[in-house]
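Scope of the values below: all heavy atoms of this structure, side chains included, with no hydrogens, waters or symmetry mates. A note on names: the letters A, B, ... follow the listed sequences, proteins ahead of strands, and every chain is numbered from 1.
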Protein chains: 2
Amino acid sequence: MKLNLESLVSSLQKATSPEHLQAITRTLCDILNVRHVVYHWVNSKGERFGAGTYSTEWIDRYLEKDYLRMDPVIFGCFQRFTPVIWKDLDWSSRAASAMFRDALDHGLGNQGYTIPVRGPNGQFALFTLNDQADDDEWKSFVATNARDLMIIAHEFNKKALEFEREGEGVPKPALSPRELSAMTCLAKGKSRAQAAAEMGISEHTLRVYIESARHKLGALNTTHAVARALSEGIILV
Amino acid sequence: MKLNLESLVSSLQKATSPEHLQAITRTLCDILNVRHVVYHWVNSKGERFGAGTYSTEWIDRYLEKDYLRMDPVIFGCFQRFTPVIWKDLDWSSRAASAMFRDALDHGLGNQGYTIPVRGPNGQFALFTLNDQADDDEWKSFVATNARDLMIIAHEFNKKALEFEREGEGVPKPALSPRELSAMTCLAKGKSRAQAAAEMGISEHTLRVYIESARHKLGALNTTHAVARALSEGIILV
DNA sequence: CACTGCCTCGCTATTTATGGGGGGGCTAAA
DNA sequence: TTTAGCCCCCCCATAAATAGCGAGGCAGTG
C-alpha cells in the first residue's frame, strides 16, 4: 500500500480526540506495513500521553520495569535533534540489552526508527516505527519515508498540544528580566552572594527575585525553581 | 523560479560552515522571490548565531534597541510549536508597533512567516521569510510552501547543531542509578529529607550520592548539579 | 490619574545544606 | 584475586538558604 501523505495529514488535522490519533496509528501501521507505530509524549508537568499499537502488556511492563530510565531510545532522542535508527544506538549495557530481548518477547520487531519532536515549555515527544527486518531493508525503508514521517510526527505533535491546551489552559510562567538573570546565575552554579555580586545588587534583593521566581514557577525550593525554569525552556544554561 | 527541494536540501547537507548557510539563505531568497530569508538561533549557552539576508544595519539596530525583548515574533514562537504568520500576532502594544514601523524603515517587507524549531537542551531557532505583499497573497504563498519550508528549517537546524557540536566533543558524565534517582528527586523539588524517605535510605546516605553526583558533573553546588544533569539530558523532570 | 508590576533595600529567626572526616559490605570486571 | 565502583550508615562544625515581615522609587498601561 502506498502512503498518501495528504489524506493522512488531513485526517490527522480533523482528529478531535486521542482515540482518533490511536486509530490513525493503526491505519499508518497498515499502510506502511510495519509492526508498530507509536506516538508518545511527555508534557511540561511530566504527564504522559501515548497513542499507538504497542500491546497494553508491553506498555505496562515497560512502565513497571522502569525501562524509561534505561531505554537508549529515550536517552538518545532526548539529547539529539535528528531521528534515530535504533540499531545505531548503544545497546551494550546489560540493562539495555535485557530490555531489548524483553521487547522482542513482547511482540516488537528488531528494527525501529524514532523521531524526536520538541514543543514549547520543554515538551518532548517521540514518534516511533517498529518492525521486523534486516538492517539494510530497514535503512532503505527509512530513507524512503523519512521526510513524510517527519511531517506526520509534527502533525501528531500539533494535535497533542491542541488536546492539552483544550483540557487545561496552561498558564505560562513569565519571569521578569531580573528574575531570569537570577535563575540563570543559580543554574550556572553561583551562590546567592556571587550571583548578587554579578548582578550588582544586594543579596537581600537577589533573594526577593529568587522567591518571586519560585512562586511564579510553583516551585518548592530554589533547586526546583531552577529545574523548572530549565525544563520549561525559559532559561538556558 | 521554482523551488527544487531535493537540491536545496542536499546543498544544505553539504554545507561545512556558517558562511555556506548564509549563501543558501541568499539563494533561497532568489528562488522564492521574497525580500528576506533568515535563520537565527540561540544555543544552550545563550550564544547567538544567524544566517540571513537582513542588513547589518537592521541587525545592529535590533540588538541595540533590545527588540528581542519586545518582538512579538520571538514571543509567539517561543510559546508555540507551529509556524506563524506575522500578521496573526498581537502588534498592539506600543513597543511592538514602534518596532514594526522601524523594521519597515530598514528594508523589511510588511509580511512575514516564521517557523520555530527546537532542539535538545532548550535550543531554540527561528527560520523566517519576509516580503512585501498583501495579506491574501502572503497567505496563499505560505500555504503553497509551508511543508517544504518546514523541511528546510529543520535542515538548517540540523546543520547549526552540527557546527556547534564540532567545537566541543564533551563526554557526558555517567551517574549511577542511585545518583540519578537522587538528582531526579531534587529536580522535582523534594528536600533531602523527603528524597531520602522516598528512596528508602537515610538522609546521610542520600547526601553521599548528591556529593558524588556533584563531583562527577563538575558542579559547584546541588542546584548546579541538578541544572547540569537536566541540560545534559541525563535526567528528566 | 491610579494601577500594577518591577526593582531596590532592610530586619529576624529557623531550618537546611555543605564540607570534611570515618566505617563496612556487595557485585562485577580486570 | 584484587580492584573499582556502588551502596549504605555515622559524626562534626560552619555556611547558606528559607520564610516571614517591612519600606520606597520608577515605568508602563488603561
Side-chain angles (χ1 to χ4, degrees), chain A residues 69-70 92-98 171-227 234, chain B residues 65-67 69-70 72 75 90-99 173-227 234:
Chain A
R69 298 222 172 282
M70 59 191 80
S92 63
S93 95
R94 192 163 302 217
S97 54
K172 66 250 157 175
L175 302 191
S176 77
R178 298 299 263 177
E179 288 162 353
L180 288 175
S181 308
M183 288 292 106
T184 306
C185 281
L186 295 179
K188 282 180 182 158
K190 293 188 172 54
S191 73
R192 296 208 292 203
Q194 291 172 315
E198 177 160 317
M199 290 171 65
I201 56 176
S202 80
E203 194 182 328
H204 303 282
T205 305
L206 180 79
R207 243 172 44 192
V208 176
Y209 295 142
I210 298 173
E211 289 287 287
S212 78
R214 238 186 55 223
H215 285 120
K216 286 180 183 176
L217 292 162
L220 299 165
N221 53 47
T222 301
T223 300
H224 194 198
V226 171
I234 58 186
Chain B
K65 288 268 187 179
D66 209 19
Y67 281 154
R69 296 218 175 282
M70 57 192 82
F75 263 61
D90 174 26
W91 294 88
S92 63
S93 96
R94 196 166 304 205
S97 53
M99 193 198 99
L175 302 191
S176 79
R178 298 299 262 177
E179 287 162 353
L180 287 175
S181 307
M183 289 293 106
T184 306
C185 281
L186 294 179
K188 282 180 182 159
K190 292 187 171 56
S191 72
R192 296 207 295 201
Q194 291 172 315
E198 178 161 316
M199 291 172 64
I201 56 175
S202 79
E203 192 182 328
H204 304 283
T205 305
L206 180 79
R207 241 173 47 191
V208 177
Y209 294 141
I210 299 173
E211 288 288 287
S212 76
R214 237 188 53 227
H215 284 119
K216 286 180 183 174
L217 292 161
L220 299 166
N221 54 46
T222 302
T223 300
H224 193 198
V226 171
I234 58 186

Euclidean distance, atom [atom1] of residue [X] to atom [atom2] of [N] [Å, nearest integer]:
X: A:Leu180; N: C:dC7; atom1: CG; atom2: P; answer: 9 Å
X: A:Glu179; N: C:dG5; atom1: CD; atom2: P; answer: 12 Å
X: B:Ile210; N: D:dC6; atom1: CD1; atom2: P; answer: 16 Å
X: B:Lys190; N: D:dT18; atom1: NZ; atom2: P; answer: 17 Å
X: A:Met199; N: C:dC7; atom1: CE; atom2: P; answer: 8 Å

Would you say [N] has OP1 or OP2 under 4.0 Å from some side-chain N or O of [X]?
X: A:Arg192; N: D:dA17; value: yes
X: A:Ser176; N: C:dC7; value: yes
X: B:Arg178; N: D:dG5; value: no

Just call it for [X]: base, sugar-phosphate, or nothing, with non-hydrogen atoms closer than 4.0 Å on any strand.
X: B:Glu203; value: sugar-phosphate
X: A:Thr205; value: base
X: A:Thr222; value: sugar-phosphate

Do the side chains of [Y] and [X] get nearer than 4.5 Å, heavy atoms only?
X: A:Ser212; Y: A:Glu179; result: yes
X: B:Lys188; Y: A:Leu220; result: no
X: A:Leu217; Y: A:Leu175; result: yes

base_contact_polar (C:dG19 base, B:Arg207 side chain, donor-acceptor, <3.5 Å):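 Indeed, a donor on one side and an acceptor on the other fall under 3.5 Å apart.
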
side-chain hydrogen bond (donor to acceptor under 3.5 Å, both in side chains) evaluation trace for B:Thr205 with B:Ser202: CA-CA 5 Å; B:Thr205 305; B:Ser202 79; 3.0 Å; yes

Please tell me which of the listed nucleotides, [options], lies nearest to the side chain of [X]?
X: B:Ile201; options: D:dA17, D:dC8, C:dT18; value: D:dC8
X: B:His204; options: C:dC6, C:dG10, D:dC11; value: D:dC11
X: A:Ser202; options: C:dC7, C:dG10, D:dT18; value: C:dG10
X: B:Lys216; options: C:dC6, D:dC6, C:dA17; value: D:dC6

Along DNA chain D (nearest heavy atom to each residue), the more 5'-positioned of A:Asn221 and B:Tyr209: B:Tyr209

Whichever of A:Val208 and A:Ser191 has its nearest DNA chain D nucleotide further upstream toward 5': A:Ser191

B:Thr222 and A:Thr223: CA distance, side-chain angles, deciding distance, side-chain hydrogen bond (donor to acceptor under 3.5 Å, both in side chains) verdict: CA-CA 7 Å; B:Thr222 302; A:Thr223 300; over 6 Å; no

